[in-house]
Amino acid sequence: MSAAKNTAFALVDCNNFYASCEKLFRPDLKHTPIVVLSNNDGCIVARSKEAKALGIKMGVPVFQVQDALRKHGIVCFSSNYALYADMSNRVMTTLEEEAPRLEIYSIDEAFMDLTGVERVTDLLAFGQRVKAKVDKWTGITVGVGIAPTKTLAKLANHAAKKYPATGSVVDLMNPDRQKRLLALVDVGDVWGVGRRTTAKLKAKGIHTAWDLANANAKVMRSEFSVVMERTIRELNGVSCLDLEWVRPTKQQIICSRSFGHKVTDKRELGEAIAKYMTRAAEKLRSEQRCCRVVSVFIRTSPFIPNEPQYSASLTVELPNPTDDTRDLLAVAERIFHRLYRAGYRYAKGGVMLADFYEPGTVQQDFLCVDSTKTNSKALMGVMDKINRSGMGQVFFASQGVSPQWAMKREHLSPAYTTKWDDLPKVW
DNA sequence: TCTGGGGTCCTAGGACCC
DNA sequence: TCTGGGGTCCTAGGACCC
């Protein structure tokens, strides 16, 4: 085996991100418990620290905790993606200035490659500076975990959040400190160890991260998978997961939603599918890809077991890859006609695109009439531009004008940072 | 009445080929 | 009675992540 590299990573993670974004623009709620809800106002997906302290759990359906929300005066927000995405961009831009090799891992966290940085500056001080800068420039508070591997950096970040005495920045480069922390951490809190695996590990007497770090990597690989072997090595300070600072291109695009109410009407359901396909096509073009494989699915709600259940999906391979909304809508409609069965109350539907190509790199199927519309690129370009500009919307009639099935978003905050009309006002 | 959405990776097993 | 062996590709399902 080659000599271990002296790697160093930082994981920067925004605290209670969605809830923090909402509070930024509502100083009146500074110390009020708030929660952010999933699409359709269905589940709790983010909680402010006050809401956490009141015992509101992550992921629970709102209706199950309605009483608690009311009793404690917890303020609810529907999720406001435009706001969170914009705030995320601001945070990431700030981080990039400190460490150009940045992997944006999710909307609220990023890995930094700090390899070699300790020769220039103290890593703890570096982390503290990053935290202070993000706080000052964006108003978002972050935790920073620094360690020789990504998995250990995750654990360092976990500690930074859990123990206030750390000031939300933990440097875990030192092996003795690693050992002490690993012994304190439940194995289920290790990155990559989910619910299923946790149960299996505990049955084998592996309870802490330290227990896992000391398991035999080869044996565990045969019993679990190569992912497990990697996790064990990473816990021991051997970096197996590189920084992916160039975003890999997507393998698939999914657009799906639960409906605001159950849908029975065929036209209405078809409009929803058309809407999702339109959105998926936009995402496809923003990736600068064409796709060959298209799937559509519709289903009833598994949460109402005494109602007749129906769930169906169908996948079609196109003769030629396309990124034209019109082609994709036509395919979606054909598939939908074959899937639809009357007499069910549909709860959710969606589309999936896969098998991507760079435009123009694929030999056209010459047995098939070339369906490439000559004005396709120009038309799609103009549509995308108008729809992005905030000036209004252009879309195809098949998605319907005033949809009944639209999402429930009863507690939506204004688009403070992305819409002129919604700019916060200071009196 | 009311239960999110969007991804990735890994593995096992079958089809198929020589 | 007795029916190879090895490789590749594809797919479905599981597990995990945020």
Side-chain angles (χ1 to χ4, degrees), chain A residues 11-18 35-46 57-67 69-70 76-81 84-85 88 103-111 150-151 154 157-158 187-201 220-231 240-241 244 247-262 272 276 279-280 283-284 287 293 295 297 299-307 313 315 317 345 347-356 407-411:
Chain A
L11 176 65
V12 182
D13 180 314
C14 302
N15 298 342
N16 320 320
F17 185 56
Y18 295 174
V35 293
V36 178
L37 312 180
S38 65
N39 285 329
N40 284 311
D41 296 344
C43 296
I44 309 259
V45 292
K57 298 279 179 254
M58 178 72 175
V60 294
V62 175
F63 73 91
Q64 284 177 10
V65 291
Q66 200 57 258
D67 291 343
L69 295 178
R70 212 168 294 137
C76 295
F77 289 88
S78 301
S79 40
N80 183 345
Y81 245 80
Y84 312 148
S88 174
E103 174 184 343
I104 298 172
Y105 181 71
S106 74
I107 193 163
D108 72 339
E109 54 187 288
F111 287 101
K150 283 176 152 184
T151 305
K154 271 273 188 184
N157 187 281
H158 181 80
V187 72
D189 290 332
V190 174
W191 192 37
V193 178
R195 269 223 336 270
R196 301 286 181 139
T197 309
T198 301
K200 281 169 81 178
L201 289 173
M220 293 295 277
R221 175 184 180 149
S222 65
E223 218 165 309
F224 292 84
S225 80
V226 63
V227 179
M228 176 61 78
E229 183 188 16
R230 244 174 357 223
T231 299
C240 305
L241 300 167
E244 292 179 12
R247 186 170 67 85
T249 52
K250 281 194 203 303
Q251 304 296 306
Q252 56 177 22
I253 289 170
I254 299 172
C255 278
S256 72
R257 290 279 183 286
S258 300
F259 307 127
H261 71 100
K262 301 290 176 285
Y276 304 153
R279 182 78 196 94
K283 287 193 202 173
L284 182 65
E287 291 281 309
V293 167
S295 312
F297 75 90
R299 69 164 167 81
T300 53
S301 170
F303 299 110
I304 317 175
N306 49 345
E307 273 191 20
S313 74
T315 300
E317 187 164 334
R345 298 174 69 234
K348 186 174 182 177
V351 305
M352 195 180 102
L353 307 180
D355 196 13
F356 296 160
M407 270 199 290
K408 210 165 99 184
R409 294 173 95 184
E410 287 172 358
H411 311 281

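We name chains A, B, ... by the order of the sequence lines, and we start the count at 1 in each one. Please read all numbers here as calculations on a predicted model, not as lab measurements.
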ring-ring contact (aromatic ring centres under 6.0 Å, His included) involving Phe111(A) - partner list, sequence neighbours excluded:
Tyr105(A), Trp191(A)
Mind checking ring-ring contact (aromatic ring centres under 6.0 Å, His included) for Tyr84(A) and listing every partner two or more places apart, or none if nothing turns up?
Tyr18(A)
Could you say whether Arg257(A) or Phe63(A) is positioned toward the 5' end of DNA chain B, judged by the nucleotide with the nearest heavy atom to each?
Phe63(A)
For Ile254(A) and Ser225(A), find the nucleotide of DNA chain B closest to each by heavy atoms; which residue's nucleotide sits nearer the 5' end?
Ile254(A)
With a 4.0 Å cut-off, would you call Glu109(A) and Lys154(A) a salt bridge?
yes
Taking any heavy-atom pair under 4.0 Å as a contact, classify [X]: base, sugar-phosphate, or nothing.
X         : value
Lys408(A) : nothing
Asp41(A)  : nothing
Gln252(A) : base
Val226(A) : sugar-phosphate
Arg221(A) : nothing
Val62(A)  : nothing
Lys283(A) : sugar-phosphate
Leu37(A)  : nothing
Ser79(A)  : nothing

Indicate every side-chain donor-acceptor pair of residues 221-231 of chain A with a distance under 3.5 Å to a residue at least two apart or in another chain.
{"residue": "Arg221(A)", "atom": "NH1", "partner": "Glu229(A)", "partner atom": "OE1", "Å": "2.8"}
{"residue": "Ser222(A)", "atom": "OG", "partner": "Val219(A)", "partner atom": "O", "Å": "2.8"}
{"residue": "Glu223(A)", "atom": "OE2", "partner": "Lys204(A)", "partner atom": "NZ", "Å": "2.6"}
{"residue": "Ser225(A)", "atom": "OG", "partner": "Val227(A)", "partner atom": "N", "Å": "3.1"}
{"residue": "Glu229(A)", "atom": "OE2", "partner": "Lys218(A)", "partner atom": "NZ", "Å": "3.0"}
{"residue": "Glu229(A)", "atom": "OE2", "partner": "Arg233(A)", "partner atom": "NH2", "Å": "3.0"}
{"residue": "Thr231(A)", "atom": "OG1", "partner": "Val227(A)", "partner atom": "O", "Å": "3.0"}

One should report the stems of DNA chain B, each a stretch of at least three consecutive Watson-Crick or G-U pairs at distances under 3.5 Å, as B:5-18 with C:5-18
With sequence neighbours left out, what residues match Arg345(A) under side-chain hydrogen bond (donor to acceptor under 3.5 Å, both in side chains)?
Glu307(A)
Do the non-hydrogen side-chain atoms of Val62(A) and Asp41(A) ever get within less than 4.5 Å of each other?
no
Phe356(A) vs Thr249(A) side-chain heavy atoms within contact, under 4.5 Å:
no
Applying side-chain contact (heavy atoms from CB on, under 4.5 Å), run through Val35(A) and His411(A) and close with a yes or a no.
CA-CA 11 Å; Val35(A) 293; His411(A) 311 281; over 6 Å; no
Between OH of Tyr81(A) and CG of Asn39(A), what distance do you get to the nearest 0.5 Å?
8.0 Å
What range of DNA chain C does chain A touch, first nucleotide to last, counting atoms under 4.0 Å from its heavy atoms?
dA15(C) to dC18(C)
Rounded P spacing from dT3(C) to dC17(B) in Å
24 Å
